[in-house]
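All values below were derived from every heavy atom in this structure, side-chain atoms included, with hydrogens, water molecules and symmetry-related copies excluded. These numbers were taken from a predicted model, which means no experiment stands behind them.
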Amino acid sequence: QVQLVESGGGLVQAGGSLRLSCAATGSILRIDAMAWYRQAPGKQRELVAPISHGGSTTFADSVKGRFTISRDDAKNTVYLQMNSLKPEDTAVYYCNAEILTTSLRVYSYWGQGTQVTVSS
């Protein structure tokens, strides 16, 4: 079995920075794509940024130029560096990963989420 655990959320003032981490543990052969999503109360969950196995990344227009995503395959971990934070970035941030397990099956896993709150 596989578990994703996010960390690094918290309360920050507008203009500040946070770095989120998501670590995958368990019966992992290979992690393919990983991604960060976020969901604010009363709103749809949205894709913030994906990162491929080869390190290719992209960003939602709302965060482009402010956020960066990276991964450390040796640690089975993905990071989201968030700079110049705005109140509209306030949301629960979720990690997602497509993982090939030791049973030779690919599954999509979700973390429990970490709260990010940006005050004005």
For I99 versus A24, what's the shortest heavy-atom pair and its separation? CD1-CB, 4.3 Å

Roughly how far apart are T102 OG1 and L29 CG, rounded to 0.5 Å? 5.5 Å

Which pairs, with at least one residue in residues 22-31 and sequence neighbours excluded, count as a salt bridge (charged side-chain N to carboxylate O under 4.0 Å, His left out)? R30-D32

When rounded to the nearest 0.5 angstrom, what is the spacing between CG in L80 and OG1 in T68? 7.0 Å

Would a single hydrophobic cluster contain both V92 and M82, if residues Ile, Leu, Val, Met, Phe, Trp and Tyr are joined by side-chain heavy-atom contacts under 4.5 Å? no

Note: K75-D73 ion pair, threshold 4.0 Å (strictly below): no

Cut-off 3.5 Å, no hydrogens considered: what does the side-chain donor-acceptor table look like for residues 46-54, sequence neighbours left out?
unit_1: E46; atom_1: OE2; unit_2: R38; atom_2: NE; d: 2.6
unit_1: E46; atom_1: OE2; unit_2: R38; atom_2: NH2; d: 3.2
unit_1: S52; atom_1: OG; unit_2: G54; atom_2: N; d: 3.3
unit_1: S52; atom_1: OG; unit_2: G55; atom_2: N; d: 3.3
unit_1: S52; atom_1: OG; unit_2: S56; atom_2: N; d: 3.0
unit_1: H53; atom_1: ND1; unit_2: I31; atom_2: O; d: 3.2

Charged N-O contact under 4.0 Å between D61 and K64: yes

Verify same cluster id: L4, Y94 (apolar side-chain graph, 4.5 Å): no

Does K43 have any salt bridge (Lys or Arg N to Asp or Glu O under 4.0 Å) partners at least two apart in sequence or in another chain, and if so, which? none

Hey, is the main chain of A23 close enough, under 3.5 Å, to the side chain of T77 for a donor-acceptor pair? no

CG (L100) and OG (S27) are apart, to the nearest 0.5 Å, by 11.0 Å

Please set out all donor-acceptor pairs under 3.5 angstrom arising from side-chain atoms of residues 14-21, sequence neighbours excluded.
unit_1: S17; atom_1: OG; unit_2: N83; atom_2: OD1; d: 2.9

Output all residues satisfying salt bridge (Lys or Arg N to Asp or Glu O under 4.0 Å) with D72, sequence neighbours left out; order by chain, then residue number. none

Looking at G113, is its backbone amide N or carbonyl O close enough to the side chain of E6 to form a donor-acceptor pair, meaning the two atoms are under 3.5 Å apart? yes

Work out which heavy atom in M34 is nearest to a heavy atom in V78; give both atom names and the distance. CE-CG1, 3.5 Å

Contacts of type side chain to side chain contact (heavy atoms under 4.5 Å, CB included), residue R45, not counting sequence neighbours: Y37, Q39, W110

If we count only N and O atoms by modelled type, under 3.5 Å, do the side chains of N96 and S108 hold a donor and an acceptor together? yes

Let me confirm one number: the OG1-CH2 distance from T57 to W36, rounded to the nearest 0.5 Å. 15.0 Å

Linked, directly or transitively: V116 and F59 (ILVMFWY side chains, under 4.5 Å): yes

Has E88 got more than 12 heavy atoms of other residues, nucleotides or ligands less than 6.0 Å from its CD? yes

Starting from Y107, can I reach I28 by hopping between I/L/V/M/F/W/Y residues whose side chains sit under 4.5 Å apart? yes

Cluster overlap F67 with Y79, hydrophobic side-chain contacts below 4.5 Å: no

